[in-house]
Amino acid sequence: MRILVAIDGTDCSDQALDFVSGRRWGEEDEFLILCVAEPAPGVFQDDEEEAQCSSEMLKDCGVIAERGLKRLKRKLSSRSLPGMSTQVVCGSPAESIVERAASWPADLIVLGSHGHSGCRRFMVGSVAETVLKQAPCSVQVVRVQEVEK
């Protein structure tokens with residue numbers, strides 16, 4: 001089985017990694033830890049500034065992906081380690097996750113969700129919802145409940 005784990009460095013991502021590490025996997029299973037750098041459109045003064053920011057974002061996402069990989073390896077250390085790798089891409093998170101799942105090809109996508117609902121979900125958007133609707137394979141959304149204040 002090929003499992004794509006989409007992370008972004010948040011607690012939701014950590015819980016998605018914990019979910020994956022809590023399951024039984026075979027030696028033939030492969031994992032891809034994917035982190036998507038999403039540049040904000042129209043924020044930069046010129047192309048050079050945008051390229052520098054994108055480069056920094058990609059570097060930061062690389063660090064996040066490597067941390068996720070180390071976390072998963074550490075939690076699965078008592079078992080035979082399956083194949084694991086990381087990848088960083090630049091673009092829209094939902095579209096990038098779906099595209100990579102199709103091209104790799106993944107059998108399962110695992111990602112965390114903040115659990116926003118109602119008006120807040122409408123304003124923030126929902127990567128998880130878009131991935132669920134467009135994914136070429138099964139999707140496991142690890143939902144984190146928001147604490148009401």
Side-chain angles (χ1 to χ4, degrees), residues 1-41 43 52-149:
M1 179 175 256
R2 299 180 107 189
I3 302 95
L4 185 152
V5 185
I7 64 172
D8 62 4
T10 62
D11 289 342
C12 295
S13 293
D14 289 344
Q15 290 193 20
L17 288 165
D18 291 346
F19 174 86
V20 170
S21 66
R23 300 297 175 258
R24 194 175 295 264
W25 303 104
E27 289 183 29
E28 71 285 349
D29 294 324
E30 295 179 56
F31 293 84
L32 174 62
I33 309 296
L34 179 69
C35 190
V36 181
E38 181 181 25
V43 172
Q52 180 181 357
C53 183
S54 292
S55 174
E56 289 173 21
M57 290 176 73
L58 289 170
K59 183 179 175 183
D60 291 345
C61 283
V63 169
I64 291 168
E66 286 301 319
R67 279 189 199 141
L69 181 65
K70 285 179 185 176
R71 182 183 182 105
L72 193 57
K73 282 183 175 180
R74 185 176 62 248
K75 292 197 173 257
L76 292 175
S77 65
S78 64
R79 305 176 203 157
S80 177
L81 289 177
M84 295 185 189
S85 60
T86 64
Q87 184 174 21
V88 174
V89 296
C90 192
S92 159
E95 290 175 16
S96 298
I97 292 166
V98 169
E99 287 171 6
R100 189 60 186 128
S103 67
W104 185 33
D107 298 303
L108 174 66
I109 299 170
V110 178
L111 70 160
S113 173
H114 296 278
H116 297 307
S117 61
C119 185
R120 182 141 188 224
R121 187 179 94 210
F122 176 75
M123 292 187 312
V124 173
S126 177
V127 171
E129 184 175 5
T130 301
V131 171
L132 277 167
K133 289 179 180 177
Q134 298 179 5
C137 60
S138 296
V139 178
Q140 175 67 54
V141 177
V142 179
R143 185 172 171 173
V144 178
Q145 294 294 328
E146 243 183 77
V147 178
E148 295 289 324
K149 293 183 180 182

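All values below were derived from every heavy atom in this structure, side-chain atoms included, with hydrogens, water molecules and symmetry-related copies excluded.
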Throw together a table of side-chain donor-acceptor distances under 3.5 angstrom for residues 102-111, partners on residues two or more places apart or in other chains.
unit_1 : atom_1 : unit_2 : atom_2 : d
Ser103 : OG     : Glu99  : O      : 3.3
Ser103 : OG     : Arg100 : O      : 3.4
Ser103 : OG     : Arg100 : NH1    : 2.9
Asp107 : OD2    : Arg2   : N      : 2.7

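For Ser96, the side chain to side chain contact (heavy atoms under 4.5 Å, CB included) criterion is met by Val36, Val89, not counting sequence neighbours. With sequence neighbours excluded, the residues that form a salt bridge (charged side-chain N to carboxylate O under 4.0 Å, His left out) with Asp14 are Arg71. Judged as a salt bridge (charged side-chain N to carboxylate O under 4.0 Å, His left out), and not counting sequence neighbours, Lys70 has no contacts. Qualifying side chain to side chain contact (heavy atoms under 4.5 Å, CB included) partners for Leu132, counting only residues two or more places apart in sequence or in other chains: Val139, Val141. With sequence neighbours left out, the side-chain hydrogen bond (donor to acceptor under 3.5 Å, both in side chains) criterion links Ser138 to no other residue.
Distance CD/Gln87 to CD1/Ile33: 11.5 Å, rounded to 0.5 Å. In this structure, the separation between CE on Met1 and CD on Glu28 is 10.0 Å, given to the nearest 0.5 Å. Atom CE of Met84 sits about 10.0 Å away from atom CG of Asp29, to the nearest 0.5 Å. Atom CG of residue Asp8 and atom SG of residue Cys61 lie 8.5 Å apart, to the nearest 0.5 angstrom.
Within the 4.5 Å cutoff, no side-chain heavy atoms of Thr130 are placed close to those of Val98. Two residues are said to be in side-chain contact when any heavy atoms from C-beta on lie closer than 4.5 Å; Lys75 and Leu17 fail this criterion. Contact check for Val5 versus Phe19: no side-chain heavy atoms found under the 4.5 Å cut-off.
Contact record, Leu76 with Ser21: CD2-O, 3.5 Å, taken as the closest heavy-atom pair. For the residue pair Gly9 and Ser13, the shortest heavy atom distance occurs at N-OG, 3.6 Å. Of all the heavy atoms in Ala16 and Val142, the pair that sits closest is CA-CG2, 3.9 Å. Pairing each heavy atom of Ser92 with each of Glu38, the nearest pair is CA-OE2, 4.4 Å. Across Ala101 and Leu4, no two heavy atoms sit closer than the pair N-CD1, 3.8 Å.
Pairs of residues two or more places apart, or lying in two chains, that qualify as side-chain hydrogen bond (donor to acceptor under 3.5 Å, both in side chains) and include a residue from residues 57-68 are Glu66-Thr86.
For Trp25 (side chain) and Val20 (main-chain N/O), a donor-acceptor pair under 3.5 Å exists by modelled atom type.
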